[in-house]
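Heads up, the thing below is written out as structure tokens.
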Amino acid sequence: MPRPSPSPSFSSPLVQRDTSAWQLQVWVSFGIAASCCAVGLAWLPGERLEQIFMVMGYVFCLSAVFMLAKFVRDNQAATRRGAGDTPLFKLVVWGGFAVAVGLTGWGLLDMEISPPYKAFLGVSWLYLLTTAFTLAKMLRDRHEADLAEARLAGRRDAVQAAGIGASAAAPQEVPATEGRADRAVN
């Protein structure tokens, strides 16, 4: 892992980004997991209510994963600043994730389907959850790298503007009376 330089230099910024190969792998993995879940749920035997329950469970788990990933990342950044979410919101996020996983797991185990089909649904479900966490992290990392680059570009522009403004003003001589008038206005 590259280390930042000790001096605040604008010439060599350290903004770490994921490689395009990694991003492709994450998206492909997530797509495969979502496809496996969709196929498994589309041909799910049983009553219509059980099928709907399982689809809702998978969607609930997926949204809970993204919410939990965002919550953990936001709180990590907030604790560095001495802030954070309320304990009740923490309970809602973690509780929602636990309920989503618990109910979906219970529904999967309780369904009267063949063990190999249950295993396929279970593995594809767990694969979806893990790839969703990875996808959430990758997207957040990209967003933070974009913000860091934008801040760095803004600082560079400000330094260049200040340097150009100072060098452009230096050769000009201002008569003593005009200089005093400018200072009085400012």
**Item:** With Glu47 via side chain to side chain donor-acceptor pair (under 3.5 Å) - residues at least two apart
**Value:** none
**Message:** When you compare the side chains of Arg48 and Gln51, does any donor N or O come within less than 3.5 Å of an acceptor on the partner?
**Reply:** yes
**Item:** Value rounded to 0.5 Å, distance of CD in Glu149 from CG in Leu147
**Value:** 10.0 Å
**Fill in**
Met67 and Val93 have their tightest heavy-atom pair at CE-CG2, 4.0 Å
**Request:** Treating Ile, Leu, Val, Met, Phe, Trp and Tyr as nodes and any side-chain heavy-atom pair under 4.5 angstrom as an edge, say whether Phe89 and Val65 lie in one connected cluster.
**Result:** yes
**Lys/Arg N to Asp/Glu carboxylate O, Arg17 vs Asp146, below 4.0 Å** = yes
**Message:** Any non-hydrogen side-chain atom of Lys70 less than 4.5 Å from a side-chain atom of Leu139?
**Reply:** no
**Message:** Is any side-chain heavy atom of Tyr58 closer than 4.5 Å to one of Leu62?
**Reply:** no
**Asked** How are the rings of Phe66 and Phe30 set relative to one another: parallel (under 30°), tilted (30 to 60°) or perpendicular (over 60°)?
**Response** perpendicular
**Asked** Side chains of Leu121 and Leu41: does their closest heavy-atom pair fall under 4.5 Å?
**Response** yes
**Prompt:** Are Asp18 and Arg142 close enough that some pair of their side-chain heavy atoms sits under 4.5 Å apart?
**Reply:** no
**Item:** Flag side-chain contact, heavy atom, 4.5 Å: Phe71 against Val92
**Value:** no
**Asked** Got Ser29 and Tyr127 here, is their nearest side-chain heavy-atom distance under 4.5 Å?
**Response** yes
**Prompt:** Between Trp94 and Phe97, how do the two ring planes meet: parallel, tilted or perpendicular, split at 30° and 60°?
**Reply:** perpendicular
**Separation between CD of Glu50 and CD1 of Ile113, rounded to the nearest 0.5 Å** = 8.5 Å
**Fill in**
Rounding to 0.5 Å, atoms CG (Leu135) and OG1 (Thr130) come to a distance of 11.0 Å
**Request:** To the nearest 0.5 angstrom, please state how far the CG atom of Leu109 sits from the CE atom of Met111.
**Result:** 11.0 Å
